[in-house]
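Scroll down for the structure; my scribbles are underneath it.
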Amino acid sequence: MKLRLFTAIAVTAMAMVSCSEDTEYIGSSITSDSDKLVFSTGTYNATSRSILADSVYTHNPDRYFGMVKDPETNSYVKSDIMAQFNMVEGFSLPNIDEMLSKEDGEVIADSCEISIFIKYSTTYGDTLASMKMRMSELDKPVDKAYTHYSNFDLKKNGYIRNGGLEVNKMFSMRDLTNSSDALASLQTNISKQGTSADSGYYDRIRIPMNMPYKAKDGKTYKNYGTYVIRSYYDHPEYFQNSYWFVHNVCPGFNFEITDGMGVMANVFAISFNIFYNFDKSGTSTKTSIYLATTPEVMQTSHIINDRDALEQLVNDNSCTYIKSPAGIFTEVTLPIDEITAAHANDSLLQVSVNFLRENSDVVANKYRIGAPANLLMVHKDSLYTFFENQVMYDYKSSYASALSSQNAYSFSNIGNLITLMARAKAEGLKSDPNWAEKHPDWNKVVLVPISTTLKYTTNSYGTTTSTVSSVQHNMGLSSTKLVGGANNPIEIKVIYAKFKD
C-alpha cells in the first residue's frame, strides 16, 4: 500500500509544502494513520564559477555567418561556416540527347550560383553592413569527429583544395538586387523576407560561380556547374546518394569572412543551383539542378573568439557568465554529500535550484546582445558526448530551463540527478577508496546555452502542437551574468519524505 500511494502523495505534498512551513503531518488527510508521511526540508549551498567553453560541437542546423564586436568584452567574434550539399536518392537528369545547353557538342551548364539565405528575425547587427567573404572549394569531405568542433580550422588542417575554386565577394546581408531573378522564379519555396517596408527583397548572399573551373583530373570546364553535369553523365553512380556525391563529386565549400564587421547572420538555408536548357516535348525549357544543405549532410562552424578577453570575465568571482557562441559556460558544484547525509533514510521528494540573472553594466547600443533563451544542465563528464551523440535531455541526468519572466533559469526538481551522482560515488567507493579523488567532476554540472529544433504535428481536429526533436549548442550571439561566483553561493532547496515509523 505504501509504494502504491507514494507517488500520488508526493505530488499533493509538494503543493502543500510550498504553502506551509509546518510539514510534520502533511498527508494525514489522504492516508491512514499507519501510512502517514513525515516531511522535512533543507537548504544547502552550491558553488559556481565561469569556465571557458574552449570549443563546441557544431554539426547542427544552427549556423551563423559574420563578424561583430562584442560590447561586453570589446573584442571581435567571427563565425565561418562549411557546408555540403544533399543529393536526393533517385536524382536524374534528362537523356543527354535532350540537353540543349551544349558547346562543341558537349553538355554545359548555362550558369551556376550558391545562395546563402538569412533569417532576418534572428540576425544580429546592421543588415546593410559592407562585408567581404571568400568561398573556397574543399579538397576532401569533412567527415571525421574531431573536425566537427568550433575550433577546427579547415585551412590550417589542409581541407581547402590548392588551386580549387575560389570566389571573393563583397556583400551585405540585405540583397538589394531585383528579386525577380532566375532563382526566385525557379525556387518559390524560398520566401521573401525583410521588414514591411522592404519585403520585396531576399536576405541572402548570392555567389555566382561562372568562371572557368579546373578539376582535379586536370580538365577545364566552362564553370563548376558544367563539371557537375558532366560528372553525372560520366558516372551516374556518383549521384545515387549524398555519400557518393560528397566523396566523388563535390566535397563541399568553406565560407570565410575576410573583411568587414557589423553583422552576425543566422543562416537558415544554402542552395546550389545549376541552370541549363533541355528539350521538353519539343519546347526549350530552362530549369536547374537544385541542391541544398540539409541535416543529412555535414554543416559545421569555425568560431573565433578573443580568449584573453573571455579570460577576464572568467576571472571575475563576483558572478558567473554564460556566453555564446563557444564562449563561457557556468560550472556548478552540487552539495551531494550534504543533501544525502543529512537524511540518509529519507527519500528526495523535490530538489530545486534557481539561477538569477544580474543586470548587465554594459551601455546599451543599437544592437544589444540578448540573454540565452534556454540553458541545459548536464553532468560535466557528459558535456561533449551529450552533443556528439545527439542526446535529448531526459530530466533524469540532464535538464533544460527557459528564461522566465522572473529573470531566472529555474530547475524545479533535479532529485534524479542528485540520486544518480550519490549512487555513482557509493558504487565507486566500494572498489576504490580514492574514487572521488580520481573523479573530481563527479558532483559537477555545467550550464550551457542551447537552441532547440521543434517538430510540429497536427491531430485530426486540426490542432497543431510542437515538441522538441533535437538539442544543439547555441551558435548565435547571447550573453548573461548569473548570481554566483566564489563569494556568492547558490541556494538549493530540498524536500524530504518518509513514512512514519
Side-chain angles (χ1 to χ4, degrees), residues 83-117 135 137-138 141 164-167 169 175 177-192 202 204-253 269-294 296-297:
Q84 297 173 352
F85 294 94
N86 184 34
M87 176 54 61
V88 179
E89 293 188 19
F91 170 83
S92 65
L93 288 175
N95 292 330
I96 195 167
D97 56 359
E98 296 176 332
M99 295 291 286
L100 298 179
S101 296
K102 292 183 179 180
E103 284 184 358
D104 300 325
E106 292 192 277
V107 176
I108 61 167
D110 296 328
S111 64
C112 61
E113 65 185 37
I114 284 178
S115 287
I116 303 174
F117 289 90
M135 185 189 78
E137 177 190 6
L138 296 188
L165 178 65
E166 183 176 287
V167 181
K169 181 176 175 63
D175 183 357
T177 60
N178 192 326
S179 61
S180 59
D181 54 25
L183 179 61
S185 62
L186 288 169
Q187 303 302 331
T188 55
N189 59 314
I190 301 294
S191 300
K192 296 175 184 178
Y202 289 98
R204 68 166 177 182
I205 306 166
R206 186 177 180 183
I207 309 167
M209 305 162 62
N210 297 317
M211 66 288 293
Y213 171 71
K214 188 174 184 178
K216 287 184 177 182
D217 61 7
K219 293 182 181 179
T220 299
Y221 299 85
K222 178 183 179 180
N223 51 41
Y224 192 84
T226 298
Y227 155 73
V228 173
I229 288 178
R230 291 188 188 174
S231 296
Y232 172 83
Y233 289 112
D234 291 341
H235 295 281
E237 69 275 12
Y238 292 168
F239 292 73
Q240 61 183 299
N241 56 42
S242 295
Y243 181 87
W244 281 75
F245 180 72
V246 167
H247 285 79
N248 294 283
V249 181
C250 177
F253 295 92
I270 304 178
S271 70
F272 179 20
N273 280 75
I274 303 170
F275 299 94
Y276 65 92
N277 281 277
F278 75 107
D279 184 345
K280 183 178 182 180
S281 302
T283 301
S284 176
T285 301
K286 185 177 182 67
T287 188
S288 75
I289 299 171
Y290 173 69
L291 305 176
T293 54
T294 69
E296 288 75 26
V297 289

field: For E103, salt bridge (charged side-chain N to carboxylate O under 4.0 Å, His left out) partners two or more places apart
entry: K222
message: Please check: side-chain N/O of N241 versus main-chain N/O of V88, any donor-acceptor pairing under 3.5 Å?
response: no
- request: Evaluate the side chain to side chain contact (heavy atoms under 4.5 Å, CB included) criterion for residues I289 and F91: first the C-alpha distance (whole Å), next the side-chain angles of each, then the deciding distance (0.1 Å), finally the verdict.
  value: CA-CA 10 Å; I289 299 171; F91 170 83; 3.9 Å; yes
- prompt: Just how far is it from atom CG of N277 to atom OG of S101, taken to the nearest 0.5 Å?
  reply: 4.5 Å
Contacts of Y238 that satisfy ring-ring contact (aromatic ring centres under 6.0 Å, His included) - sequence neighbours left out: H235
message: Using side-chain heavy atoms (C-beta onward) and a distance below 4.5 Å, is E237 in contact with N248?
response: no
- prompt: Any chance NZ of K214 has more than 12 other-residue heavy atoms, nucleotides or ligands included, within less than 6.0 Å?
  reply: no
field: Donor-acceptor under 3.5 Å (K169 side chain, P208 main chain)
entry: no
- request: For side chain to side chain contact (heavy atoms under 4.5 Å, CB included), just list the numbers for S92 and Y232, CA-CA rounded to whole Å, side-chain angles, deciding distance to a tenth of an Å, and then say yes or no.
  value: CA-CA 9 Å; S92 65; Y232 172 83; 3.7 Å; yes
- prompt: Under a 4.5 Å cut-off applied to non-hydrogen side-chain atoms, are V107 and Y276 in contact?
  reply: no
- line: Heavy-atom nearest pair, F275 first then S288, reads CD2-CB, 3.6 Å
query: NZ of K219: more than 12 outside heavy atoms within 6.0 angstrom?
result: no
- prompt: Given side chains that start at C-beta, do those of L93 and F278 come closer than 4.5 Å, heavy atoms only?
  reply: no
- prompt: Which distance, rounded to the nearest 0.5 Å, do you find between the CD1 of I96 and the NZ of K102?
  reply: 6.0 Å
task: Kindly determine whether E106 and R230 satisfy side chain to side chain contact (heavy atoms under 4.5 Å, CB included), including the steps that lead there.
output: CA-CA 9 Å; E106 292 192 277; R230 291 188 188 174; 3.4 Å; yes
field: Donor-acceptor contact present, side-chain N223 to main-chain A109, <3.5 Å
entry: yes
task: With the side chain counted from C-beta on, respond yes when F85 and I270 share a heavy-atom pair under 4.5 Å apart, and no when they do not.
output: yes
task: State the OG-CG distance between S284 and D279, to the nearest 0.5 angstrom.
output: 7.5 Å
query: Rounded to the nearest 0.5 Å, what separation is found between the SG atom of C112 and the CG atom of N210?
result: 5.0 Å
- prompt: Does the side chain of S242 pick up a donor-acceptor pair with the side chain of N86 at under 3.5 Å?
  reply: yes
message: Using the rule given for side chain to side chain contact (heavy atoms under 4.5 Å, CB included), can you reason through Y227 versus V249, listing the C-alpha separation, both sets of side-chain angles and the distance that settles it, and then say yes or no?
response: CA-CA 9 Å; Y227 155 73; V249 181; 4.1 Å; yes
task: Calculate, to the nearest 0.5 Å, the distance between atoms CZ and CD belonging to F272 and Q84 respectively.
output: 13.5 Å
message: Determine whether a donor-acceptor pair (N or O, by modelled atom type, separation under 3.5 Å) exists between the side chain of Y224 and the backbone of I274.
response: no
query: How about M87 and W244: do any of their side-chain heavy atoms sit closer than 4.5 Å?
result: no
- prompt: Above 12 or not: heavy atoms from other molecules or residues under 6.0 Å from CG of D104?
  reply: no
- line: To the nearest 0.5 Å, atom CG of D234 lies from atom CD1 of I229 at 12.0 Å
Within 6.0 angstrom of Y233 OH, more than 12 heavy atoms from elsewhere: yes
